[in-house]
Amino acid sequence: MHATETLNEADRLMVVCNSCRYCEGLCAVFPAMEMRRAFTSGDLRYFANLCHGCGACYDDCQFSPPHEFNVNVPKVMAQLRLESYAHYAWPGACAGLFQRNGLVIALIAALSVAVFIAGFVAWSDPGALFAVHTGPGAFYRLMPHNTMVAIFGAAFLYACIAIVMGLRAFWRDGGEAAGRDFAQAGHETATLKYLDGGGAGCRDSDTKAPDNRRLYHHLTFYGFLLCFASTSVATLYHYLLGMQAPYAWTDLPVVLGTLGGIGLLIGPVGLLAEKGKRDPLTQDSSLWGMDVAFLAMLFLTSLTGLALLGLRSTPAMGLLLAIHLGVVFGLFVTMPYGKFVHGLYRYAALARYSRERRTQTD
Amino acid sequence: MIDTERRFDVLVIGGGNAALCAAISARRLGASVLVLEAAPKFYRGGNTRHTRNMRCAHDSATETLTGPYTEEEFWKDLLQVTGGQTDEALARHMIHQSKEMLTWITEQGVRFQPSLGGTLSLGRTNSFFLGGGRAMLNALYRTAERLGVEVAYDAEVVALDIRDGVFLSASVKHAGTTMTVRATTLVAASGGFEANIEWLKQSWGPPADNFLIRGTPYNKGTVLKLLLDAGVQAVGDPTQCHAVAIDARAPKFDGGIITRLDCVVFGIVVNKHAARFYDEGEDFWPKRYAVWGRLVAGQPDQIAYILYDHSSSTLFMPSLFPPIQAPTLRELAAKLTLDPEALEKTVAGFNAAVRPGTFDSTVLDDCRTESLTPPKSHWARKIERAPFYAYPVRPGITFTYLGTRVDRQARIVMADGKLSSNMFAAGEIMAGNVLGKGYAAGIGMTIGAVFGRIAGQEAATRARN
């Protein structure tokens, strides 16, 4: 017996699947399962994070509902993934943030935006918020650069620490890997190798519409990385080259940010649309809050960033800057307590899987 | 909704591998095709949904097959498992045609994978479907529907109008009414009668009540019965079937693969009197699993128990239900409601007969018994290390072999020996032509795909002329 109903159900399913093994060619979950005859709670959470939720195993399963064996691996693994995020969350007191996660993140984001607007009103010169500011250092007339660095540096640092602590707890549940496993996992993460049902595509039902989740996820993921690169390059511009934001449209930080921003507009919308197209039986709609909240935060980060870029020489700049910074701050502080962590746990699970597979065949 | 106004070129009854291969190949030749599947959509495909591979001859290794499997070797394997009870010309024709099947079925959207955990012994001879039989079915249905094949679910054929060996129409129970469907030709691909317990009892008697059926309850053999009643020539023995020993705790229907047990070769098997009754180590398990269903069916109350000890507990594939275990044989006997003394005596007798040897499950090793009846020829090790384990087993019927006689064109042969002019059969409903008895893994799918494709082509050609 495990500590939760979801773990018990996942265990029941893995016993069924391990007796069948027809899905072993679809993804990493089933080969990992086959290396065991019994499953610890840590094993099950590891499987849940290996699962990309593609759904191919559900369409292929002769025991899926309405069959009495009621085998629904994508749904139960999604439930267990969420449970695992809460289980490994740091500090433990924050585990509850994964409950009603959509509401939690919406509230934090709204509060964050409100505080930034209020802060701008309170601390900048009267009238400065709605004045036109242009030229190098324009943003810093509303919020001193050092203050911005201090606030975002602290938020980012906190997010990093909390995420690393969560990963550490996950890893202590049986993770082991060498350098090449991390490289292998990196490759599988970057290509979303397991989001394609073993090569036949995720969707194997009669639905004719193509499943473009991989494309939209790439747009989102690489869009996010480009935006991160944009910020990093801008930091180098500031400290190494002494060039202050805002930068010209043709400067590298703006180019990277614009490209990334476009990805972060299309990707999340596409992922949300694909979500709506999926077989509702493979989904637990009560988990949607977390997914939608994260997609919305990414979308808003991009939207407010691009709006700021477009309107930075108008009187709207001040308010847009406050909103954009509020959204980004909200994104940073909620990263350890939302869907963002899925990528890191999945990456760690893939590294663990790479080693298990390697040592099994050695 | 079924269009009863229309006269279809080809009516396919059934919804599994054979039916879909027939429907697709007929449609590809330009015929209009209606598929009638008696089961609801989820349970479509008869036993195909529980399969995972197909045995096809091939002259060289492929991406997913580890080596060649020649027509001659296939034929020898078939000859061995059937003990010669097969139609040689038909079987050789099927084996020859099976070569093209790997390519053809891939063109219909079916994908293969290398054989992985637990099935490595079949990696050279059998082609495994990526995602298993239901994935294969999904691919075939998608292709059929894309080509314009019409499919009706919950559509059970209850009567056939056949006059002088000519099919005219079928009565179909569908959407709360009974309607008449007309077609120029008929392909019967509706499987055996394994889920029809009453029919099984006609030849097996009361023991059939204790059989478990591995597939859905929809494999009732209605169409087979209608055909035989209309003067079609029968082939095969009504008691012959593909039957294995499966966990006695499995559901009555549709437990599929997950209730099978691969541990017979590692222990001993006793009946309800705690007596052994067959050589558990006669040959490799993939070559012997198909005899045990029949063996258990021959035991009192159709129940048996596989017994093994701690040293063998992880040597075989896990199964759905955990084994029953106990620290002593006496306690195990109590849990199984066997006579403890009889069980101890059987195990003691077995242990005393075990000769020293080097245990190796990958070869026919030299661990055997001496002066024991029945003997255990290989992998015989003393049952002495606690805890002791047992699985109760019953006959699990996959499919029956009594069927309709066909020729090389899959054309149905009438009782008087004449060929029907417009009726064809494919799959389990005519498997008895090839399988007089016995079974070799994946051959049911070969029969279905090869004769399905032939039947579809022949029916379409006939209908279009």
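Labels below follow one simple rule: chain letters A, B, ... track the order of the sequence lines, proteins then strands, and each chain is numbered from 1. Everything quoted here is computed from the prediction, not taken from an experiment.
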For this session: Inspect the contact between B:R52 and A:E24 and indicate whether a charged nitrogen and a carboxylate oxygen are less than 4.0 angstrom apart.
Result: yes
Exercise. Does anything in residues 67-88 of chain A pair up under salt bridge (Lys or Arg N to Asp or Glu O under 4.0 Å), and if so which pairs, sequence neighbours excluded?
Worked result: none
For this session: Anything under 30° is parallel, anything over 60° is perpendicular, the rest tilted; go ahead and classify A:F340 against A:F294.
Result: perpendicular
Exercise. Between A:P31, A:G197, A:P65, A:S64, which shows the greatest number of heavy-atom pairs under 4.5 Å with chain B?
Worked result: A:S64
For this session: State whether B:Y141 and B:R44 meet the cation-pi test: NZ (Lys) or CZ (Arg) under 6.0 Å from the six-membered ring centroid, and within 45° of the perpendicular axis.
Result: yes
Exercise. Quick one: what part of B:S313 sits under 4.5 Å from any heavy atom of chain A, side chain, backbone, both or neither?
Worked result: backbone
Problem set entry | B:F321, part contacting chain A, at a heavy-atom distance under 4.5 Å | neither
Exercise. For the candidates A:C23, A:G198, A:P66, A:C57, which exhibits the highest count of non-hydrogen atom pairs separated by less than 4.5 Å from chain B?
Worked result: A:P66
Exercise. Is it the side chain or the backbone of B:T51 that comes within 4.5 Å of chain A heavy atoms, both, or neither?
Worked result: backbone
Exercise. Where on B:F112 is there a heavy atom nearer than 4.5 Å to chain A: the side chain, the backbone, both, or neither?
Worked result: neither
Seminar exercise, completed: Per-residue tally against chain A (heavy atom, under 4.5 Å) across B:P318, B:P322, B:G132 peaks at B:P318
Problem set entry | Side chain, backbone, both or neither of A:F30 within contact of chain B (heavy atoms, under 4.5 Å) | neither
Problem set entry | Identified side chain to side chain contact (heavy atoms under 4.5 Å, CB included) partner of B:V110 from the options B:I105, B:L137, B:N138 | B:I105
Exercise. How would you list, by chain and number, every residue that makes a salt bridge (charged side-chain N to carboxylate O under 4.0 Å, His left out) with A:K193, sequence neighbours excluded?
Worked result: none
For this session: Provide the closest heavy-atom pair for B:P395 versus B:G293 in the form atom of the first, atom of the second, distance.
Result: CB-O, 3.6 Å
For this session: Answer with side chain, backbone, both or neither: which region of B:T314 has an atom nearer than 4.5 Å to a non-hydrogen atom of chain A?
Result: both
Exercise. In terms of heavy-atom proximity below 4.5 Å to chain A, should B:R49 be classed as side chain, backbone, both, or neither?
Worked result: both
